[in-house]
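Down below is the structure, laid out as structure tokens.
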There are 2 protein chains.
Amino acid sequence: MITINDIAKEAGVSAGTVDRVLHKRDGVSKKTAEKVNAIIKKYNFKTNKIASSLALNKKLKIATLLPQYDEENTFWKAPLMGTQNAQENVEKFGVTVENFSFDQFDAASYINTFGTLIASEPDGVVIAPIFKKETTQITKILEKKNIPYLFINVDLEGFNNISFIGQNAFKGGLLAGKLMHLCLKDNCSVLIIHTRLNADNHYAISERIHGFNDYFINKNISISSTIANIIDLRNTERLKQKLKKILKDTPSINGIYVPSSRISTFAYCLSAISSKKLALIGFDGTDQNIKCLEEDKVSFLISQKPFDQGYKSIILMSDYLIEKKAPEQKIFSPIEILTKENVNFN
Amino acid sequence: MITINDIAKEAGVSAGTVDRVLHKRDGVSKKTAEKVNAIIKKYNFKTNKIASSLALNKKLKIATLLPQYDEENTFWKAPLMGTQNAQENVEKFGVTVENFSFDQFDAASYINTFGTLIASEPDGVVIAPIFKKETTQITKILEKKNIPYLFINVDLEGFNNISFIGQNAFKGGLLAGKLMHLCLKDNCSVLIIHTRLNADNHYAISERIHGFNDYFINKNISISSTIANIIDLRNTERLKQKLKKILKDTPSINGIYVPSSRISTFAYCLSAISSKKLALIGFDGTDQNIKCLEEDKVSFLISQKPFDQGYKSIILMSDYLIEKKAPEQKIFSPIEILTKENVNFN
DNA sequence: TATATTTGCGTGTGCGAACACGAAACAAAA
DNA sequence: TTTTGTTTCGTGTTCGCACACGCAAATATA
């Protein structure tokens, strides 16, 4: 492995000069710089990153701004753990990760938490931009301070985020359509449950519905679908009543499609009010959802590897900060099919 | 981040002594060692791996022994690429990877290639142990030289491999059964194709068949299955004749299960001899197989993330060599469902 | 020509850990 | 008391790189 000193020797200069050339610092004559660059190219020399980070000995801080999870909403646990796991890999390079969490149903909490985040003076920020309008404010501040940011899970357009990491929601919906069709064959009567929890973040959910419908349209398969808008998921009793009424009104329904992470809520309500076996398809492998798979209450889940999303976001940001390596604009997570037989291996 | 010197200062000794304690070198009195250890534990101190590898300045070499891939058999391309990708991540720690490949249908080639491998004096070896008897010879040599080895993809029992990375073949078969059932509902008549290419490596394939059958037995679903033993996959014309005959003899067949990576071969033969739409389910996302998915010739593929297997094998071995971190005995790859709608995101 | 300023570049130190070398400290033998 | 051997540690150097510091030569200004 060739070193800076080897380059220096061959160029007839000192290591310091080579270093200046490498870092494009001035104080080097054009002629010398060219000579050094030629030799660098000749050997395809690259600085030893471990020695470099040792010498730099500088601390970079990455802050994350993700929704907090609780017993009801566990989805955001996985991305958080992904970021924490990634930290173990980047702390060798002097990168630390600090997590900030906000209430995903409260835009004010989003703003407030960002306030404490920015006070911690991070060098890069990973955001789940649940609220669009507020994200505009936030990113304006970040850009003024020249702090790079990337979006995770929610793909907002029109921002200067260095990257987006998440799923193609439309394709996920398409796949859900295929699986539903497979379960019900040519006799599809599906209840689509739109849990529109907040106005800004419903893009992914409506894309999932869009994709679902498109599957049947493209394949020219007839399907009858009922749409239910359900906002309050906490009142289980009212949920049951509502479900009961829908199933009574449309007894042909043999499948339920929940394009959010909350299918387990419906699975439990359903098994409480009816013994009829329906095909249930939902998203995200949360603990509760996985339990439903194992208990045969849910047929399929479509997952987006949220742990990996968190993990990758940190690695990406770290690479960006350390070597200014610009990531791809959009990094799509795999669209993973989970079912009883394979869920234990994920 | 706490350093060796911090520990030394607090213990009232020099950094050298702390270093001796850390590496369990002798020359330290019991009393001092205890004092130092207490402080190490108190701060949960761990040596800075990057500084360590700088100081050590030693090159570790990991050698891989994998089957070579060609146009017909592309499966082993992915693990190879995984190892090469992993190399980029471990070379920071002075680890290099050298790949050796053998003819998977020729045991002598396996032995011969191992000869050149061992001549390169590796510090650790990653093996796809396709041939059992020959693997016994090989590992005997490795053990004599005290070179650790791990198995990838093929799970041989009774060896001192530090780990196995691969799929649980039985569970994969089980999932294949479910998917087949889903495609054909309660009218399953399946042709199972046993491509028994060599005697040693058929364990995974028979497990996949075993799991497949078990699905129907456990669920008490009736299925009629025909088994075909096909050895020569190169003579396409004979293959077509054989398939034609089977389908003619058993016209009820509506699904084909290929528990190896070669389903594309059958898919193309099939579309040449019949226009009937059968459900085809196979394993592994090779380029040809994926093409079949996209062309709707194959319904599902079950993948084991072979790229990740290669990747992980290097990371694991590297960690083992650098920090003597013993890995888990068996590391199971995910059992991934690939279908037309999600295959592009993998 | 003398002095000030800029430009170009070499030197030295430190990052955290590993280890060779050798210096104390102490014990046992002469 | 001196010599020799052993145990226990501290010191100094090294790995490859980054950067502050400062010196000399080149150029500008008086």
Side-chain angles (χ1 to χ4, degrees), chain A residues 1-40 43-60 90-96 321-324, chain B residues 1-37 39-40 43-60 90-96 123 319 321-325:
Chain A
M1 187 126 296
I2 196 162
T3 77
I4 269 193
N5 272 302
D6 299 329
I7 302 285
K9 209 171 292 171
E10 179 152 346
V13 296
S14 77
T17 304
V18 178
D19 182 67
R20 273 182 283 264
V21 172
L22 282 170
H23 294 84
K24 299 194 177 78
R25 256 180 285 137
D26 50 7
V28 183
S29 70
K30 212 170 183 178
K31 207 169 56 184
T32 329
E34 272 167 14
K35 186 162 56 176
V36 171
N37 270 322
I39 297 174
I40 287 174
Y43 293 108
N44 189 26
F45 167 79
K46 285 197 189 95
T47 60
N48 182 329
K49 225 175 94 183
I50 84 162
S52 165
S53 84
L54 228 209
L56 269 167
N57 194 30
K58 82 172 158 205
K59 297 272 162 270
L60 289 169
V90 295
E91 69 184 3
K92 306 178 183 75
F93 305 113
V95 177
T96 56
L321 293 174
I322 293 178
E323 15 187 353
K324 290 269 168 271
Chain B
M1 187 123 295
I2 195 164
T3 77
I4 270 194
N5 272 303
D6 300 328
I7 302 285
K9 211 172 290 172
E10 179 152 345
V13 296
S14 78
T17 304
V18 177
D19 182 67
R20 273 182 283 263
V21 172
L22 282 170
H23 295 84
K24 297 193 178 78
R25 257 179 285 136
D26 50 6
V28 183
S29 71
K30 214 170 183 180
K31 208 168 55 182
T32 326
E34 274 166 14
K35 186 162 55 177
V36 170
N37 270 322
I39 297 175
I40 286 174
Y43 294 108
N44 189 26
F45 168 79
K46 284 194 189 99
T47 59
N48 182 328
K49 227 170 89 182
I50 81 164
S52 166
S53 85
L54 225 211
L56 273 167
N57 194 28
K58 84 174 157 205
K59 297 273 163 269
L60 289 169
V90 296
E91 69 185 5
K92 306 178 183 75
F93 307 115
V95 178
T96 56
D123 302 283
D319 278 354
L321 293 174
I322 293 178
E323 15 186 354
K324 292 271 167 269
K325 192 162 71 183

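Worth knowing before you read on, the calculation uses all heavy atoms, side chains too, and leaves out hydrogens, waters and symmetry mates.
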Exercise. Looking at every strand, decide which applies to Asn48(B) at a 4.0 Å heavy-atom threshold: base, sugar-phosphate, or nothing.
Key: sugar-phosphate
Report the distance from atom [atom1] of [X] to atom [atom2] of [N], rounded to the nearest whole Å.
X	N	atom1	atom2	value
Ile50(B)	dA18(C)	CD1	P	13 Å
Lys59(A)	dC15(C)	NZ	C1'	10 Å
Asp19(B)	dG16(C)	CG	P	15 Å
Arg20(B)	dG10(D)	CZ	P	8 Å
Asn57(B)	dT14(D)	CG	P	12 Å
His23(B)	dA20(C)	NE2	C1'	14 Å
Leu56(B)	dA17(C)	CG	P	12 Å
Leu54(A)	dT13(C)	CG	C1'	14 Å

Calculate, to the nearest 0.5 Å, the distance between atoms [atom1] and [atom2] belonging to [X] and [Y] respectively.
X	Y	atom1	atom2	answer
Lys46(A)	Ser52(A)	NZ	OG	14.0 Å
Asn37(A)	Lys24(A)	CG	NZ	8.0 Å
Ser14(B)	Arg20(B)	OG	CZ	6.0 Å
Ile2(A)	Ile39(A)	CD1	CD1	9.0 Å
Thr47(B)	Ile40(B)	OG1	CD1	9.5 Å
Asn48(B)	Thr3(B)	CG	OG1	9.5 Å

When you measure from the side-chain N and O atoms of [X] to the phosphate of [N], is any distance below 4.0 Å, counting only OP1 and OP2?
X	N	result
Thr17(A)	dG10(C)	yes
Thr3(B)	dG16(C)	no
Ser52(A)	dC17(D)	no

Practice problem: For Asp123(B) and Lys59(B), run salt bridge (Lys or Arg N to Asp or Glu O under 4.0 Å): C-alpha distance rounded to whole Å, both residues' side-chain angles, the deciding distance at 0.1 Å, then the answer. | Solution: CA-CA 9 Å; Asp123(B) 302 283; Lys59(B) 297 273 163 269; over 6 Å; no
Quiz prompt | Inter-end axis angle, the helix from dT1(C)-dA30(D) to dA30(C)-dT1(D), with every axis fitted to five base pairs (rounded, 10 degrees) | solution = 70°
Quiz prompt | Whichever of Ser53(A) and Ala15(B) has its nearest DNA chain D nucleotide further upstream toward 5' | solution = Ala15(B)
Self-check item: Contact list for DNA chain D against residues 24-34 of chain B - heavy-atom distance below 4.0 Å
Solution: Gly27(B), Val28(B), Ser29(B), Thr32(B)
Exercise. Among the candidates dA18(D), dC15(D), dG10(D), find the nucleotide nearest to the side-chain atoms of Ala55(A).
Key: dA18(D)
Quiz prompt | Audit row: Val95(B), Leu321(B), side-chain contact (heavy atoms from CB on, under 4.5 Å) steps and yes/no | solution = CA-CA 9 Å; Val95(B) 178; Leu321(B) 293 174; 5.8 Å; no
Quiz item: Between Ile7(A) and Val21(A), does a side-chain contact (heavy atoms from CB on, under 4.5 Å) hold up when you go through it step by step?
Solution: CA-CA 11 Å; Ile7(A) 302 285; Val21(A) 172; over 6 Å; no
